[in-house]
Every structure is written in C-alpha cells, then in structure tokens.
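Have a look at the structure below before the remarks.
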Amino acid sequence: MSGYNYEEDSPLANKSNIPEKSFLESLSDDGLLEYIAGLSQEQGEDHGEQYSRGDYFHDKQKRQEKQDREFRERYGNGSELFSGISIYVNGFTKPGRLQLHEMVVANGGKFVHFLSCKGRVSHIIASNLPLKKRVELASYKICRPEWIVDSIEEGKLLPWQDYALLSDQDEIQPKLPQTAIVSCKHPDFLKQFFSKSRLHHLSNWKSDLRAEFCERFLEKPLRIPGKSEVVTVFHIDFDCFFASVSAAANGFDIHAEPIVVCHGTKNSDIASCNYEARRYGIRNGMWVGTAVRMMPRGKKLVRLGYDFEQFELMSKRFYQILHDSQFELVLPISIDEAVCVTGYLTHSECELICRGIRENVSNVTNGCTVSIGCGGSLVLARLALKRSKPDGYQIVDCDGLDDVFWSHLKIEDLPGVGHSLACKISEYSYPPIGNLLELRQMAQDSLRRCVGEKMGNKIYLAVRGKDDEESCKMIYEPRQFFQRKSLSIDINWGIRFDTIYEIDEFIDRCTQYLIDKLRELDKKTSQLTLKIMKRSKDEAIEPPKYLGMGKCDPVARSTRLGVPTDEFGVIATEIKSTFRSLCCPPRELRGIAIQFNKLEKTASNQAKLPFVDAKIYQNLPSDVKSEIGRELNKRSINIRRTAPKRINSYQEQFIQELPTQIRGEVENEIHITNKVNKTKFDEIKEQVAKRQNEKVNAKSHFLGENTILLPIKFQNQTNFKKIIQLVMNWVDGTIRSQGPHEKDLRLFEKYLQRLSDTNRLPLVLRICKLISVKLELRSEFFSHCNGFQEWEKVLLQMILPKLNKNKHTFQTVRKLDIDFDT
DNA sequence: TGAGTGTGGTAGC
DNA sequence: AATCGCTACCACACTCA
C-alpha cells in the first residue's frame, strides 16, 4: 500500500478557528447530506470523546480532497480512463477500498464515500453483497473490483456487465428439473410466466434496446443525416434467430435437420424454425402438432427449448459489432435485428460492409448467420433483406430495380402489412393481386380507398422504393421515435380465476409490477386503460391450447386521473373499480392488460428535492440533531422515510385510494367542510358532517380495509349495514320536512350507480326495499308531507329505473351473489 | 372541427 | 404432460360539444 498516512494530514490543529455554523453552511446540499450520512454511519463506531462533529467532518472533507489531489499528482499520468465514472465501494473487497480509491482517482474517476444521495454514483464495486443489500442497491450497476483492475491493465474501459456481481443465490441454486406450473392465483405466477414467455422477452428486449439508444444518444449526440442527404440503409437480421442460437448451443447442425424452438409438443407455438423445417411448409407461429404432421413419414422434427440468456448474449455481440462499425446510426429494431445508416456509399463499398459484418457476426456467435438488405431507403433495405434470406445479402439501387425483384416479393413483405391488410388488398381487385409487381399497377386512389388514407399512401410509396414520412422519423428524429410513450402489461395465458377477490389480488400484483417500472423511469401516469379478454359465448371453457385464452371478446375501458401519479393505492383501486364496470364474471376472464397511457416526467422540483432518510437522522448524536434540523429546515430539505411515502395523514391516504370519481366528491366534501368551519354555520356544518360521514362509510364499503396490500373487501357486512342505517336515518329525518337535499340525493344516486356498475344490484334492491317498507310504515302519518312525496319520487324515478334497466343482467348477477355475500 | 375513446392491426421469434 | 398467446405504437371510426 502506498504510504498515505491519514493521521498525518489531519488538520486537527485548525479546529478552533472554524466556526461550526459556517462549516455546515459552507457545504453544498450534497455535502450536507453526505456529512449527515457519514456522521450517522460512524456513530456506531467508537470514536472517542476528543473528536467533535465539526472537526471530524471537516477533517474528512479536507483529507479527501487532499488525498485525491495527491493521488492524481503522484500516479495520474493524465489518464482519463474513468472520467465521468464515480464509484462507491461496498464491504470487503480485494483489492481493498483504499487501493480502489487510488486506482480510480489516479485514472480520472471519482470516488464516493457515502451512498447518501442517489444518482451520484455510477457504479458500485463489491465482491460480495448480502441479499438485503442487494435488494437495496438493485438499481445500481454493481460489479466486481476486477473490473477496475482489468480495465487499467487493458488501458481501456471494459464493459462492466462482464464483471457484474452475480448473486450467490444465482450461482448456488441448482438447476431444478422442470418446475410445475404456478397457478395464476399464486404470487409467483407473473414471474414464472414472464421467465418463459418469448413474447415478453422480445418486447422487453426491444424496450431495453430503445432505452439504451436514447441513453447513448444523450451521452454522445449523434450526427443525424439531413433530410436532403443521400443515405445508405443496411437492414440486418439474423436468420431464424432462436432456432440458430438454440441449435448452436445444443450442438445441432442447423443445416442438417429440421429444427423448431418451442415449449411443448402439441398446441405449443413454434417461435422459430430453421430453413430445413420450412422446406416442409413449417412456419413460425404454427403449433408444433401441426408442424409434426407436415413432416414426411419417418422424418423426425427436432424440438429445442428456449435459451433466453444465450439469445441475449448473441444479440449483445451482434450489436457490439454494429457499434464498432462506422455507421452513423445504429437503430435497434429488435433483439436480432437492426437498421444501420450511413451517407452515400458505392456499390462495392456496401458489399465490403455486408461481407465484413456477416463474417464477424458468424465468428462471434458460433456460426449463426445474418442476412443483410441494403438500399437507398428504409423500405428498399427491408425488401432487399427479404430477398437476401437466408444467409445472404442484397444491395439494391432504386433505379436499377427490375420487374423480377418486385415479382418475387409478396404483399406481406411490405413493412406494416400483415395478414389482415394483405387479404384486403389481394381481394380488392380481380384477379387477386399476388405480388408487388402487380401491386405497383394499382392506382394511389384505389389503394387509399382499400386500406385507408395513411396506409394507402405508405404502400404506394413503398412499392416505388420510397419511405413515407412516418417511417422516416426513425432516421431523422430518432430520439423522439425511440422515446417511450406508454407502459403496459398483458397476460393472456394461464388466466383462470374463480372469485373477484383473486382477480383483485392479481390486479394488485400487475399494478405493482408496472409501478416499479414507472418509478424506474422516473415517470408518472395520468391515464389508465384496462383491457380484458372474456371468453366468447359458446366457446369451450377450456380451449385446445393448455391454459390458453381461446376465442375471446376483448373489452377495454380507460380512465383519466386528475393528477399524474405513481401511487399504488390510486392506480390499483382505479383498475379494480374499472374491472367491475366491465361486468366480466370471474370465471369467464381469460386475459388482462393494464396500460399507463400518458406518461409525464416526475416534476423536476419534486424529483430533485433532496431529502434525508429519517432513520439516518434519528441515528445522529443527539447534540447535533437540533442544529442539523435547523439547517435542513432553512434549506427546505425534508426528513423522510427512504421508501417515499407521500401520504401522511390517514384522511389523505384514504382519499388517495378512492376511485377518481368518488375521490373528487369526497375531496369536495372536505373542501366544503373546511369552508364551513370558517363560516361557522352550525346547522350546515352538521349536515355536511353527516353527508361526509355517509360518503366515507359508503367508501368503506367499497374499500374495506384501508391497507393497500390487502384485497378489497366488498362483503363487509358492518359497513353495508352502517350505510343502510345512515340512509334510513336520512329518510326518517327528512320525510316529515322538505325531503332529501338535492346535493345529498346526487351523492346517493352516484353511490347506487356505483353499486349497479359493479354488479351489486342485489344491494340496490335491498336499499330499494327498505326505503319502500319505510315509506309504507310512515304513510299513515306523513303521506301529506312534502318529504314523503319527494321520497316516493326518488323511489319511483331514481331507484326503480336502475333496477329495471339492469333486469337483463340480473340473472347473471344473481350467480355472483355468493361472492358478494349479501 | 377538434378532442377524446375504444378497437384493430402490426412487429419482433 | 401440457404450456408460458407480450407489448408499444399507429391509424381509424366513432362520439360529443
């Protein structure tokens, strides 16, 4: 170890000269937070009395600055290897903390001593991390110290991912033989399902690649070609990616046997099949059983499983090659596919590039092949790619395109044209259009009439080798193009529930999943959509595919939230409430999708507002607390729990969890109450209190326990009884006077509407009956009163119509009564 | 006429 | 044993004021 002596540098002698106050004041916000964290951290260690807080920290601060300067002077050969990187070392490491500190600082990096403030640390170095800490630091880049050592040795910054600290659990846990399927009622369902879902992986990879593109862009703004510039586009794509990679990983020769990648043996989707399998007519997306039947007698079809890790690894190497090539833009399309853009290149230059890439990729992926299409526009590159497959490349020049090129392309080869549009187009004229050569003959107007304005235009341009404006955005406004605009989760497999409560729990878990992602993005949402898949009438309860969704009717409903939010309570409650409004009997549900539609950046003043962890604050030596407290106060820095819980009063939390509609009302009520408190009209006050009480009780009925983690309980007898009690008192109290107040009545009506919207007509019926009985009982004395007549009107004009309107659904609702325990 | 909603289609393997 | 049918985004038809 180098000869640094910390004690030597301690400017203890100076301590009396520095007024304590000015020291605190002299620190930046970050510095202050660090100071507090440090103080709290060191509190447990035996420091001795001679060390007072001011000196201690001042020492530390000065010492560190000095150290860093010295390190750099002594060792810094001007290396900027770690420039822009700031590391934090956690726990015991080899080499040790001090050595790492030295290495990083000497090479232009920053060394952070405390993890007090998020965002200041780019990497965490650790050799071993206990599970708890791992969870706590999950959002950081955590890698082993060898990353630093090796990077210095190599003289270049190595990818930290290669040194990522794997959890002990990951390593120790033995690979279990196929685990049984976890039911959708089980908390681990989502995790297990996603871990095996190819589509989930494809979607996630795509999002990650897009996010990475944006980050890259932010770091180093790319040169975007001008719209008038001539560009060359390379569209590069693996040949049957999953099949190739799985085959290579399992030692199969991709050319020798027909291979498919799938889970099962019968009604399982084929994610990918090699060209050998395609010779027999097998296609991606087919069921395995169908494919097996297409094989000639005696010929075997090889079935391989998914190896998502391997797919990811191969993709990483693929993209690495593209990034290392001299493209101006590398645009991610999917895990195995990218579009690369350069300025004008000659034909032979293009050829050189295509060959180079194909060879490089094959070298690093155990012989997997990519095909490349190259042309002067996105669409030409893509069409050329189609023609080049498999295992080839094609460079096309717009002017030199012959009829052969077009006649070999199918309508579905056009980007954005799938099965549905292809059918529409081919059937639009007689004889049916079969290839792009024929489609080129179609007039722009007919095309637009056939497939719509935009798509008609797009296709018209596409068959002439030109991109439409929308597709161009990928090149000319890539950041906007790859920016995420929504966030959602879809589950349409394995969904089999019996009760509404199980669905509530499931919705809670989905919501939590989304919120975690939302917070990672530092965003909030202001519009939600719930989409469900409901078994179509007359469809079998269990479809051919095991736990599949079968034929379903999709239904969607969206909600606007007044204020963008990332609160679990608000969102989960809203979704659960929306689910009820869609009237799907629990057993008929086959799929759920939840979307966050309008994403907004978390308000910057809120996001950046520094805060001190309450725990840390509590740990401070008591003599400093008050002083620190004052300083924090002065700077408007909050003390709060680390898991930010912004709701502090019971009432607020309660309101947060109400569905928006009701929330608005309750908030309004509270607003009125506050006003009333000022004007002190006792009578009104009483009325409002009563009304509010009634509302709150009504909400308790909806929400049951107020803990967000508990399932919503609808059968809470006590609460419903309370509501009835309230209503009855209300009727009693107003029957002999002027009748119900209009405002009260409106609230009451909304409550009834809510009940009927959420399939609880029996409750409405019960309220109806009780009121009717009450009126009957009172008719002898009060039938002449205004109030009596008003109530009769309510019964006949408001409540009964609701029941009648829903008569047709009453039958099904009846069946659900058991669930609602009325 | 413009804004908002729900539906449908497509893309990747 | 089966089986893991996701998810972001655009365009359109429709409704409402």
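- The nearest whole Å value for the distance from the CZ atom in Arg449(A) to the P atom in dC12(C) is 15 Å.
- Electrostatic pairing of Arg382(A) and Asp413(A) does not count as a salt bridge here, judged by no charged N lying under 4.0 Å from a carboxylate O.
- Counting non-hydrogen atoms under 4.0 angstrom, Ser195(A) reaches nothing in the nucleic acid.
- Qualifying ring pair (Phe, Tyr, Trp, His ring centres under 6.0 Å) partners for Phe579(A), counting only residues two or more places apart in sequence or in other chains: none.
- Nucleic acid contact for Gly494(A): none, since no nucleic acid atom lies under 4.0 Å from a heavy atom of the residue.
- A cation-pi geometry, defined here as NZ or CZ lying under 6.0 Å from the six-membered ring centre and within 45° of its normal, does not hold between Arg509(A) and Tyr513(A).
- OP1 or OP2 of dC4(C) sits under 4.0 Å from a side-chain N or O of Lys545(A).
- Here the P atom of nucleotide dC4(C) and the CZ atom of Arg590(A) are 16 Å apart, to the nearest Å.
- Counting any heavy atom pair closer than 4.0 Å across all strands shown, Gln527(A) reaches sugar-phosphate atoms only and no base atom.
- For NZ of Lys537(A), the number of neighbouring non-hydrogen atoms (other residues, nucleotides, ligands) closer than 6.0 Å is 12 at most.
- Residues passing the ring pair (Phe, Tyr, Trp, His ring centres under 6.0 Å) test with Trp205(A), sequence neighbours excluded: His201(A).
- Heavy-atom contacts from other residues, nucleotides or ligands closer than 6.0 Å to NZ of Lys545(A) number more than 12.
- Side-chain contact annotation: Asn492(A) with Arg590(A), donor-acceptor N/O pair under 3.5 Å absent.
- Partners of Phe234(A) under the ring pair (Phe, Tyr, Trp, His ring centres under 6.0 Å) rule, at least two apart in sequence or in another chain, are Phe327(A).
- Judged purely by distance below 3.5 Å, without hydrogens or angles, the side chains of Asp516(A) and Gln512(A) pair a donor atom with an acceptor atom.
- The distance between atom CZ of Phe189(A) and atom C1' of dC4(C), rounded to the nearest whole Å, is 8 Å.
- Considering only heavy atoms from C-beta on, Ile491(A) comes within 4.5 Å of Cys510(A) through its side chain.
- Using a cutoff of 4.0 Å between basic side-chain nitrogens and carboxylate oxygens, Arg216(A) and Glu212(A) are scored as salt-bridged.
- Taking the side chain as every heavy atom from C-beta outward, Arg496(A) and Leu547(A) approach each other to under 4.5 Å.
- To the nearest 0.5 angstrom, Lys523(A) atom NZ is 8.5 Å from Thr602(A) atom OG1.
- The footprint of chain A on DNA chain B, defined by a heavy-atom cutoff below 4.0 Å, extends from dG4(B) to dC13(B).
- Rounded to a whole Å, the CG atom of Leu547(A) is 15 Å from the P atom of dA1(C).
- In terms of the ring pair (Phe, Tyr, Trp, His ring centres under 6.0 Å) criterion, residue partners of Phe497(A) (sequence neighbours excluded) are, by chain and number, Phe506(A).
- Under 4.0 Å is where a charged nitrogen must lie from a carboxylate oxygen, and between Arg535(A) and Glu588(A) at least one such pair does.
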Pairwise N/O distances under 3.5 Å, protein to nucleotides 6-9 of chain C:
residue, atom, partner, partner atom, Å
dC6(C), OP1, Asn492(A), N, 2.8
dC6(C), OP2, Asn492(A), ND2, 2.7
dC6(C), O4', His200(A), N, 3.2
dC6(C), O3', His200(A), ND1, 3.4
dC6(C), O2, Ser203(A), OG, 2.5
dT7(C), OP1, His200(A), ND1, 2.5
dT7(C), OP2, Asp490(A), N, 2.8
dT7(C), OP2, Asp490(A), O, 3.2
dT7(C), O4', Ser203(A), OG, 2.8
dA8(C), OP1, Arg484(A), NH1, 3.1
dA8(C), OP1, Ser488(A), N, 3.4
dA8(C), OP2, Ser488(A), N, 2.7
dA8(C), OP2, Ser488(A), OG, 2.2
dC9(C), OP1, Gln483(A), O, 3.1
dC9(C), OP1, Lys485(A), N, 3.4
dC9(C), OP2, Lys485(A), N, 3.0
dC9(C), OP2, Ser486(A), N, 3.0
dC9(C), OP2, Ser486(A), OG, 3.4

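- Near DNA chain C, meaning a heavy atom under 4.0 Å from it, residues 451-468 of chain A has Gly452(A), Glu453(A), Lys454(A) in order of number.
- Of the residues in residues 268-294 of chain A, those placing a heavy atom less than 4.0 Å from an atom of DNA chain C are Ser268(A), Asp269(A), in numerical order.
- A ring pair (Phe, Tyr, Trp, His ring centres under 6.0 Å) check over residues 469-496 of chain A, counting only residues at least two apart or in different chains, returns the pairs Phe193(A)-Trp493(A), Phe213(A)-Phe482(A).
- In this structure, NZ of Lys424(A) is placed 15 Å from P of dA11(C), rounded to the nearest angstrom.
- Among the atoms of the strands shown, none is found under 4.0 Å from any heavy atom of Ile333(A).
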Detail all sub-3.5 Å separations between protein N/O atoms and N/O atoms belonging to nucleotides 15-17 of chain C.
none

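- Rounded to whole Å, the distance from CD1 on Ile181(A) to P on dG5(C) is 11 Å.
- With sequence neighbours excluded, the residues forming a side chain to side chain contact (heavy atoms under 4.5 Å, CB included) with Glu337(A) are His235(A), Asp237(A), Ile333(A), Ser334(A), listed by chain and number.
- Between the side chains of Ser371(A) and Asp239(A), at least one donor-acceptor pair of N or O atoms lies under 3.5 Å.
- Remark: DNA chain C forms stems of 3 or more consecutive Watson-Crick or G-U wobble pairs, all pair distances under 3.5 Å, at B:1-12 with C:6-17.
- Residues Leu487(A) and Leu514(A) approach most closely at CD2-O, 3.6 Å, considering heavy atoms.
- Among the atoms of the strands shown, only primed sugar atoms or phosphate atoms (P, OP1, OP2) are found under 4.0 Å from some heavy atom of Val555(A).
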